[in-house]
Amino acid sequence: MLEQIEGSQAIAKAVAACHPEVVAAYPISPQTHIVEAISALVKSGKLEHCEYVNVESEFSAMSACIGASAVGARAYTATASQGLLYMVEAVYNASGLGLPIVMTVANRAIGAPINIWNDHTDAMSQRDSGWLQLYAENNQEAADLHVQAFRIAEELSLPVMVCMDGFILTHAVEQVDVPEAGQVEKFLPPYEPRQVLDPSDPVSIGAMVGPEAFTEVRYLAHAKQLQALELIPQVQEEFKRVFGRDSGGLVRPYKCEDAETIIVALGSVLGTIKDVVDVRRERGEKIGVLGITSFRPFPADAVREVLQGAKRFVVLEKAFSVGIGGIVSSHCRAAMRGLNFTCHELIAGLGGRNITAASLHEYLDRAVVDDVDHLTFLDLDKELVERELEREARTRRSGAPAENMIRDMQDRVNAKLDLEVSKKANNR
């Protein structure tokens, strides 16, 4: 049903339509509205046969989901940022045990310093945890991906993260065709677990595995991710048949057929990039966009198929690997192994910084003629960083760097204001 609705509320309704039997939740911005809304649905009786568990931490939330899933219940939770890091031990346990838990990650930066705004650092930190990771471009896709995530998770018996940009999507109000229970029932079969803890037939799970079998256990996780590469497009097609709209899948090319330059990205920034590409297309520039929906498993063949016809590609990333550079870009380069290509890495939007069309145009004006550094931080204030490095070189007790740079920024603003006041006084 079409609704003008906040993203978090749409996700809560989509999850409820999937009839989870256990929801374990601990609030952390910007995912709190999701679990609050689900709790209201449970309390009101609109979501029946669901146990809503208030826990004391994110670690407990994932632990409760592990226990619920292990006994055969459909389980769901949500988290973000520091909350995801707090549950990491249990995150790895969930995938290692092959439990089909679905979790929303409302992407948010990781501190310190504390930052509650959006980037992809939290989910990217768990890229090797064994979970599938699906990234939503908008709230319609976010709602749809949750429905698909339960089907994918339960078919493979693997956990799935649905990643949606914090605040940008979670708190945005827009029109969403919210999946309804009747449609979901046609698409999502009743949960039939591959493994169930049963008191009448007791077994151990997660027991010690020595060197003689651990390689095989870990390879199985890899093999099941490869199975997901085949399953995700199948689920996409089935979703399209039932719901009448195309959503999900591995990748989403936009105007890439004849593109000489292709921008690769994940999440909500794709909307801004498409607007920029439309403008540049009107100028006659051959440029396109490749949105990656499935980051885990990484769809190397699909990426290669789209990018191989281009002269260059730019990977815009809202997270990076400190000391080396882009994360997604390294995956794209691996997918293009053996081909001649130019790859530019653009780090942008860290900690919620705006990614403006103007800044993208300025960068692309140079990138399309390969006149940019291999690694670029969009709108980086180099003077601010260099001032802090000089301070650290001058004195041993240089202080906290983040706070120093904030003070430097304020000093610069104050100096500019003083200059403007002085100019006005002299003109009188």
Side-chain angles (χ1 to χ4, degrees), residues 8 11-12 15-16 18-43 47 49-112 114 116 121-133 146 149-150 153-154 157-164 166 170 191 193 195-199 202-208:
S8 293
I11 300 313
V15 170
C18 297
H19 296 296
E21 296 165 285
V22 175
V23 174
Y26 188 83
I28 182 172
S29 293
Q31 66 84 12
T32 306
H33 288 185
I34 299 173
V35 294
E36 283 180 342
I38 293 176
S39 73
L41 292 171
V42 172
K43 185 176 181 180
L47 176 51
H49 310 299
C50 177
E51 183 172 355
Y52 189 93
V53 186
N54 286 307
V55 294
E56 74 280 5
S57 72
E58 289 86 359
F59 181 88
S60 297
M62 182 54 61
S63 297
C65 285
I66 287 173
S69 185
V71 298
R74 182 173 283 164
Y76 169 83
T77 188
T79 192
S81 186
Q82 254 66 2
L84 179 58
L85 296 191
Y86 193 23
M87 64 165 66
V88 164
E89 181 181 350
V91 165
Y92 274 77
N93 286 341
S95 58
L97 294 171
L99 299 174
I101 300 162
V102 172
M103 175 168 63
T104 307
V105 177
N107 294 117
R108 171 187 145 186
I110 293 174
I114 294 172
I116 66 167
T121 312
D122 50 4
M124 286 292 167
S125 76
Q126 300 308 302
R127 60 189 181 273
D128 297 326
S129 65
W131 284 60
L132 277 64
Q133 288 192 10
H146 280 82
F150 279 104
E154 292 167 10
S157 202
L158 276 182
V160 180
M161 292 181 195
V162 180
C163 302
M164 58 186 300
T170 57
Y191 177 32
Q195 54 180 329
V196 180
L197 284 176
D198 183 354
V203 296
S204 295
I205 65 171
M208 178 74 71

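- L47 meets the side-chain contact (heavy atoms from CB on, under 4.5 Å) test with A16, H19, P20, I38, L41, V42, C50; sequence neighbours excluded.
- With rounding to the nearest 0.5 angstrom, the CG atom of L84 is 8.5 Å from the SG atom of C163.
- Summarising the geometry, atom CE belonging to M164 is positioned 7.5 Å from atom OG1 belonging to T104; distances are rounded to the nearest 0.5 Å.
- The OH atom of Y86 sits 7.0 Å away from the OG atom of S60 when rounded to the nearest 0.5 Å.
- Expressed to the nearest 0.5 Å, how far CD of E58 lies from CD1 of I28 amounts to 5.0 Å.
- Here T79 contributes atom OG1 and M103 contributes atom CE; the two are 7.0 Å apart, rounded to the nearest 0.5 Å.
- Under the rule for a side-chain contact (heavy atoms from CB on, under 4.5 Å), the partners of V88 that lie at least two apart in sequence or sit in another chain are L85, Y92, Q126.
- The 12-atom threshold is exceeded at CD1 of I205, counting heavy atoms of other residues, nucleotides or ligands nearer than 6.0 Å.
- The two atoms that bring T77 and C65 nearest to each other are CB-SG, 3.8 Å, heavy atoms only.
- Looking only at side-chain heavy atoms (C-beta outward), P30 and R108 come within less than 4.5 Å of each other.
- Closest approach of Y191 and P100 over heavy atoms only: OH-CG, 3.1 Å.
- When side chains are defined from C-beta on, V35 does not count as touching Y26, because their heavy atoms never get closer than 4.5 Å.
- Nearest heavy-atom pair across A153 and V160 is CB-CG2, 3.7 Å.
- Between W131 and V91, the shortest heavy-atom contact is NE1-O, 2.8 Å.
- Here the straight-line distance linking atom OG of S69 with atom CD of E21 works out to 10.0 Å at 0.5 Å rounding.
- Formation of a donor-acceptor pair under 3.5 Å by the R74 side chain with backbone atoms of C18 is found in this model.
- Listed by chain and number, the residues in a side-chain contact (heavy atoms from CB on, under 4.5 Å) with I66 are M62, A90, N93, A94, L97, L99, I101 (sequence neighbours excluded).
- Contact detail for I110 and Q82: the closest heavy-atom pair is CA-OE1, 3.7 Å.
- Considering only heavy atoms from C-beta on, I34 comes within 4.5 Å of Y76 through its side chain.
- Looking at H33 and T170, their side chains never bring a donor and an acceptor atom within 3.5 Å of each other.
- In terms of heavy atoms, D122 sits closest to S81 at OD2-N, 3.0 Å.
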